[in-house]
Amino acid sequence: MNGILKMKEAKGFTLIELMIVVAIIGIIAAIGYPSYQESTAKARRGVAQGAMMGLSSALERYYTQENHYSDAAAASADTGAPAADLYSFETSVSDFYTITISKTDGGTSDTATAQTYELSAVPKAGMTGDRCGTMMLNSAGVKTADEPDCWR
């Protein structure tokens, strides 16, 4: 050697390069997380809709036997949660929605003449702030929600 010191080449990343990578990951996460949340909410709404359709089918079977919808709720009530022997929900539904039956009696006070019903799925727990709000299904098959596109 002739007295000149050779510098070793530095290996690795600079602080600036690492900060740029972290910033890019943050931007991707900020874009992707809301999409993930909406996808999860959409799946939960789909499960609740399926449960409502299943309960609607169970109510139709009940109607063919009893010729009315009265006493279809728990404890032989006209409104509230469905009777356990009529229909039971998966845990994934009951964790995020409260699904209830509301019978309508066609304007009469005689509960034995209840010829129509309305099911409602009220969001709870992680779905409380859902944009769709309460979803409803009546005995005529008409579906309603706070947002019209929520039943898709």
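This one's a predicted model, so the numbers in the text were calculated from it and none came from an experiment.
In terms of the side chain to side chain contact (heavy atoms under 4.5 Å, CB included) criterion, residue partners of Ser57 (sequence neighbours excluded) are, by chain and number, Arg61. The ring pair (Phe, Tyr, Trp, His ring centres under 6.0 Å) test applied to Phe96 returns no partner, not counting sequence neighbours. For Tyr63, the side chain to side chain donor-acceptor pair (under 3.5 Å) partners two or more places apart in sequence, or in a different chain, are Gln115.
The closest donor-acceptor contact from the side chain of Thr40 to the backbone of Tyr36 lies under 3.5 Å.
Looking only at side-chain heavy atoms (C-beta outward), Ser56 and Leu119 come within less than 4.5 Å of each other. At a threshold of 4.5 Å between non-hydrogen side-chain atoms, the residues Met135 and Tyr97 count as touching. Considering only heavy atoms from C-beta on, Asp149 comes within 4.5 Å of Arg131 through its side chain. A heavy-atom distance below 4.5 Å is found between the side chains of Ile101 and Leu55.
The shortest non-hydrogen separation linking Asp130 to Ala41 is OD1-CB, 4.1 Å. Minimum heavy-atom separation, Gly50 to Tyr87: O-OH, 4.4 Å. Of all non-hydrogen atoms in Pro34 and Ala29, the two that sit nearest each other are CD-O, 4.4 Å. Of all the heavy atoms in Ala48 and Ile99, the pair that sits closest is O-CD1, 4.1 Å. Heavy atoms only, all atoms of each residue included: Ala145 and Cys132 are closest at CB-O, 4.1 Å. For Met136 against Ser120, the heavy-atom pair with the smallest separation is CG-CB, 3.8 Å.
Under the 4.5 Å side-chain heavy-atom criterion for ILVMFWY residues, a single connected hydrophobic cluster contains both Val47 and Met127. A continuous path of hydrophobic side-chain contacts links Ile24 to Ile16 [ILVMFWY only; heavy atoms under 4.5 Å].
The distance from atom CG of Leu137 to atom CE of Met52, rounded to the nearest 0.5 Å, is 5.0 Å. Here the straight-line distance linking atom CD of Glu66 with atom CG of Asp71 works out to 8.0 Å at 0.5 Å rounding. Of the inter-residue distances, the one linking Leu15 atom CG with Ile20 atom CD1 reads 10.0 Å to the nearest 0.5 angstrom.
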request  = Please step through side chain to side chain contact (heavy atoms under 4.5 Å, CB included) for the pair Leu18 and Val22, ending with a clear verdict.
outcome  = CA-CA 6 Å; Leu18 288 174; Val22 168; 5.5 Å; no
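Between the side chains of Glu60 and Tyr69, a donor-acceptor pair is found at a separation under 3.5 Å.
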